[in-house]
Number of protein chains: 2
Amino acid sequence: MKRNVTIKDIAKKLGIAPSTVSRALKGHPEINSNTIKRVKAKAKEMNYHPNLIARNFQRQKTNVIGVIVPEIRHQFFSGAISGIEEVAYQHGFSILVSQSNQNYEREQKNIDVMVSNQVAGLLISISETTMNKAPFERLVDRNVPFVFFDRAIENMDVGKVVADDFGGAYEAVEHLIKARYKKIFYIGGPRHLLITKERLRGYNAAMKDYNLPVSSDWIMFGGLDEEDGVKWFRKLMTRGILPEAIFAINDPVAIGLHMKIKQAGLRIPQDIALIGFSNNMITALVDPPLTTIEQSPSIIGAKAAKMLINQIENNQSHFDHTEVIETRLIIRQSS
Amino acid sequence: MKRNVTIKDIAKKLGIAPSTVSRALKGHPEINSNTIKRVKAKAKEMNYHPNLIARNFQRQKTNVIGVIVPEIRHQFFSGAISGIEEVAYQHGFSILVSQSNQNYEREQKNIDVMVSNQVAGLLISISETTMNKAPFERLVDRNVPFVFFDRAIENMDVGKVVADDFGGAYEAVEHLIKARYKKIFYIGGPRHLLITKERLRGYNAAMKDYNLPVSSDWIMFGGLDEEDGVKWFRKLMTRGILPEAIFAINDPVAIGLHMKIKQAGLRIPQDIALIGFSNNMITALVDPPLTTIEQSPSIIGAKAAKMLINQIENNQSHFDHTEVIETRLIIRQSS
DNA sequence: AATTAGATTGCAAACGTTTACGAAACTAAT
DNA sequence: ATTAGTTTCGTAAACGTTTGCAATCTAATT
């Protein structure tokens with residue numbers, strides 16, 4: 001097994017000390033410019049590559065940022081990861097990526113592995129099932145910088161980058177109201193999720209501002225996937241209370257509803273109007289195209305990465321700052 | 001700045017040697033089971049976390065796999081990354097992800113950073129602009145295990161996991177032929193890309209096997225994006241030679257064509273039939289839905305990860321083996 | 001009581017790099 | 001020719017962990 005060439009090897013060949021080589025390689029000012037040249041030439045000749053893990057070990061710090069998401073393949077997250085990678089690259093960081101598959105234990109284990117790997121910081125989007133604040137407080141104690149993006153633990157005074165769920169929801173519902181819908185339902189996600197609560201808050205605020213009554217029957221909580229939309233429509237049908245319009249927690253749920261509504265022979269938006277959340281690609285392509293709310297994943301990712309890198313570079317392991325990324329209502333034919 | 005607790009700290013507190021602590025922590029058989037208990041208890045009490053970078057440094061090896069893709073956000077690659085992460089996780093590896101944005105220099109720089117980070121191996125899907133074999137041969141020289149997935153350098157005897165481009169293309173064209181189309185065009189990607197060539201080979205083979213003539217006018221090379229499909233249709237119109245059917249290099253190109261064909265007032269599949277490649281989600285949703293070829297991204301990723309891990313664990317830095325993942329023709333209304 | 005085998009633990013070096021400190025070599029001024 | 005100052009380089013320790021080998025201890029055998 002060939003050994004990699006090290007700084008010592010170069011030093012030996014040149015008859016100088018390893019420390020000189022080390023300094024020369026990074027153009028240290030108090031090394032003779034001639035030796036610098038010789039060293040660099042020799043390094044190239046010998047095909048030297050620095051052993052970053054040795055360097056990081058001695059610095060006790062890496063140039064790696066850990067990224068924790070529920071599921072890599074989901075459009076929002078892959079977009080966010082892309083934005084993160086872009087910013088990280090520009091600042092000389094690499095990214096370590098893992099997915100929790102919405103499993104709390106796995107999420108925590110992944111975080112642990114990353115911290116043990118001495119990542120410079122973490123970007124975390126928590127899983128659906130994560131409610132426990134304690135492990136994140138432990139991260140704060142251990143001085144591991146991190147910022148939440150998209151999905152955050154509530155009531156923690158740390159960095160966060162989130163979409164403007166409240167504003168987006170408000171705008172969507174307002175749009176429905178102005179289109180003369182009155183009986184507007186809110187189909188939310190899991191009760192404890194911040195996005196569920198925030199979007200509900202937006203819904204309620206809009207309804208209230210326009211003096212529209214809201215029945216508690218109109219508000220429901222469930223899952224985040226297409227099948228959940230399907231289930232909800234079935235339940236609505238058996239319950240026999242049909243809305244004039246539905247504001248759904250996200251696009252998959254809206255798409256599930258969309259399919260079922262059409263299958264039931266109802267027209268969108270004449271019988272039931274529909275709005276989703278996220279501007280997944282699919283929403284532009286269904287018939288009729290779905291009105292939805294754009295929240296740019298790569299921008300959220302990029303901003304979160306910037307915030308984290310800022311913390312890292314200023315040695316502030318944490319500071320309480322929430323950045324809210326504006327959403328944009330995209331009006332299509334479903335409303 | 002709080003220092004992390006180390007093995008030495010535990011040793012000191014317990015009045016034993018660091019080496020004993022190290023061994024105890026991993027349940028070494030020749031350590032008294034009683035000391036093991038004491039050590040483990042103390043470690044938990046002191047909130048000890050192993051410093052993986054120190055361990056990896058001393059082993060001169062990490063449990064990290066580097067993943068290089070052209071663009072993270074593209075559905076195929078995010079799916080592949082997800083499959084990779086899954087397998088990696090099961091084998092105790094983490095993944096370092098970077099994107100080249102189809103830029104050769106950036107790709108190479110990323111590879112370099114990862115190698116310097118002493119990754120255990122690399123999973124590489126090369127960028128569109130990568131044609132140079134040399135840097136990969138250098139990786140072989142340096143004993144860095146890697147396997148290509150999806151997009152590989154040609155004529156290199158290393159591990160590869162690719163979709164069955166030939167078979168998929170053959171099946172697609174055969175399907176068109178059986179549906180009585182004769183004047184079938186092939187709209188390819190960049191000329192040098194392996195997928196372009198392989199799919200063309202499938203096209204030619206099918207045409208030949210069914211004794212259909214092929215004009216060189218019917219075969220064209222270009223880009224991989226939607227806009228390229230758009231451009232091609234314009235060119236076809238100005239050239240005035242219209243196909244009965246088109247087999248496009250991938251879904252985006254097919255979708256571009258799809259849009260333009262409809263805008264031109266032509267009917268799909270009556271006037272022009274159309275087949276794409278990849279089974280992007282969008283293909284199921286356009287009207288009419290697009291016939292396409294499924295190549296499961298997560299399976300390709302997972303297989304590539306398994307192959308790489310196998311190489312890593314057997315200390316075979318390279319072996320020449322190509323795994324071809326079967327494709328599946330998904331027949332929809334566009335053909 | 002002396003020897004030995006086996007079980008358990010400690011010593012010390014090593015992995016490649018960085019860096020504080022000091023030594024040497026050179027320059028220029030006296 | 002001496003000194004002071006400057007430039008350039010070398011020495012050695014450190015980062016946290018693992019591991020080959022030596023050392024100690026226990027208990028069993030002679």
Side-chain angles (χ1 to χ4, degrees), chain A residues 1-40 42-43 46-64 113 115-120 142-143, chain B residues 1-40 42-43 46-64 113 115-120 142-143:
Chain A
M1 198 58 141
K2 248 175 294 186
R3 237 187 69 265
N4 281 331
V5 19
T6 76
I7 261 184
K8 288 185 188 172
D9 299 327
I10 301 179
K12 204 166 290 173
K13 275 265 195 276
L14 252 36
I16 59 180
S19 55
T20 307
V21 177
S22 170
R23 286 189 263 249
L25 250 18
K26 42 180 58 65
H28 202 284
E30 58 179 35
I31 297 293
N32 188 303
S33 63
N34 187 38
T35 11
I36 293 188
K37 261 182 230 150
R38 285 199 310 143
V39 169
K40 285 192 174 170
K42 201 65 172 178
M46 297 177 69
N47 195 26
Y48 168 75
H49 291 254
N51 184 329
L52 286 192
I53 153 164
R55 176 182 305 172
N56 290 333
F57 167 58
Q58 110 81 35
R59 295 191 316 157
Q60 284 302 307
K61 194 179 204 182
T62 65
N63 276 306
V64 175
V113 169
V115 173
S116 287
N117 268 306
Q118 316 292 118
V119 291
R142 293 177 63 191
N143 276 315
Chain B
M1 199 56 140
K2 249 175 295 185
R3 237 188 69 265
N4 281 330
V5 17
T6 76
I7 263 183
K8 289 184 189 173
D9 298 327
I10 301 179
K12 203 168 291 173
K13 275 264 197 278
L14 253 36
I16 59 179
S19 53
T20 307
V21 176
S22 170
R23 286 188 262 248
L25 249 19
K26 40 180 59 64
H28 203 285
E30 58 178 35
I31 296 293
N32 188 302
S33 63
N34 188 40
T35 11
I36 293 189
K37 262 183 226 147
R38 286 200 309 143
V39 169
K40 285 193 173 169
K42 201 63 169 178
M46 296 176 71
N47 195 26
Y48 168 76
H49 291 255
N51 185 329
L52 285 192
I53 152 167
R55 175 182 307 173
N56 290 333
F57 167 59
Q58 110 83 35
R59 294 191 317 156
Q60 283 303 307
K61 192 176 206 185
T62 65
N63 275 306
V64 175
V113 169
V115 172
S116 287
N117 269 306
Q118 315 292 121
V119 291
R142 293 177 63 193
N143 276 315

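In what follows, every chain begins at residue 1, and chains take the letters A, B, ... in the order their sequences are listed.
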Whole angstrom is fine here: how far is it from [atom1] in [X] over to [atom2] in [N]?
{"X": "A:Leu14", "N": "D:dG10", "atom1": "CG", "atom2": "C1'", "value": "14 Å"}
{"X": "B:Ile31", "N": "D:dT19", "atom1": "CD1", "atom2": "P", "value": "13 Å"}
{"X": "A:Lys61", "N": "D:dA14", "atom1": "NZ", "atom2": "C1'", "value": "18 Å"}
{"X": "A:Asn56", "N": "C:dT18", "atom1": "CG", "atom2": "C1'", "value": "12 Å"}
{"X": "B:Gln60", "N": "C:dA13", "atom1": "CD", "atom2": "C1'", "value": "15 Å"}
{"X": "A:Asp9", "N": "C:dT17", "atom1": "CG", "atom2": "P", "value": "9 Å"}
{"X": "A:His28", "N": "D:dT8", "atom1": "NE2", "atom2": "P", "value": "12 Å"}
{"X": "A:Asn32", "N": "C:dC26", "atom1": "CG", "atom2": "P", "value": "12 Å"}

Side chain to side chain, [X] and [Y], heavy atoms closer than 4.5 Å:
{"X": "A:Arg142", "Y": "A:Val115", "value": "yes"}
{"X": "B:Asn4", "Y": "B:Asn51", "value": "no"}
{"X": "B:Arg38", "Y": "B:Leu14", "value": "yes"}

Using the side-chain heavy atoms of [X], tell me which of these nucleotides is nearest: [options].
{"X": "A:Ala54", "options": "C:dT17, D:dG10, D:dT18", "result": "C:dT17"}
{"X": "B:Phe57", "options": "C:dT19, D:dG16, D:dT19", "result": "D:dG16"}
{"X": "B:Thr20", "options": "D:dG10, C:dA14, C:dG10", "result": "C:dG10"}
{"X": "A:Lys8", "options": "D:dA12, D:dG16, C:dG16", "result": "C:dG16"}
{"X": "A:Ser19", "options": "D:dG16, C:dT19, C:dT17", "result": "C:dT19"}
{"X": "B:Asn51", "options": "D:dA14, D:dG16, D:dG20", "result": "D:dG16"}
{"X": "B:Arg23", "options": "C:dC21, D:dG20, D:dT18", "result": "D:dG20"}

- Check if the side chain of A:Arg59 and the base of D:dG16 share a donor-acceptor pair of N or O atoms closer than 3.5 Å.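 Side chain to base: no pair present.
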- Task: Could you tell me whether the side chain of B:Arg3 has a donor or acceptor atom within less than 3.5 Å of a complementary atom in the base of D:dG16?
- Result: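 Donor-acceptor pair under 3.5 Å: no.
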What nucleic acid atoms does [X] come within less than 4.0 Å of, heavy atoms only: base, sugar-phosphate, or nothing?
{"X": "B:Thr6", "value": "sugar-phosphate"}
{"X": "A:Ile16", "value": "sugar-phosphate"}
{"X": "B:Lys26", "value": "sugar-phosphate"}

Does [N] have OP1 or OP2 sitting under 4.0 Å from an N or O in the side chain of [X]?
{"X": "A:Ser22", "N": "C:dT17", "answer": "no"}
{"X": "A:Tyr48", "N": "C:dT17", "answer": "yes"}
{"X": "B:Thr35", "N": "C:dT9", "answer": "yes"}
{"X": "A:Arg55", "N": "C:dG16", "answer": "no"}

- Query: Donor-acceptor pair, A:Gln60 side chain versus A:Phe57 backbone, under 3.5 Å?
  - Reply: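 At least one qualifying donor-acceptor pair exists.
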- What's the shortest heavy-atom distance between B:Ala17 and B:Ala11, and which atoms?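 Smallest interatomic distance, heavy atoms only, reads C-CB, 3.8 Å.
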- Message: Pick the closest DNA chain C nucleotide for A:Glu30 and for A:Val5 by heavy atoms, then say which residue is nearer the 5' end.
- Response: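 Of the two residues, A:Val5 wins.
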- Message: Assess the residue pair B:Ile10 and B:Lys13 against the criterion (side chain to side chain contact (heavy atoms under 4.5 Å, CB included)); give the C-alpha distance rounded to whole Å, side-chain angles, the decisive distance to 0.1 Å, and a yes or no.
- Response: CA-CA 5 Å; B:Ile10 301 179; B:Lys13 275 264 197 278; 5.8 Å; no
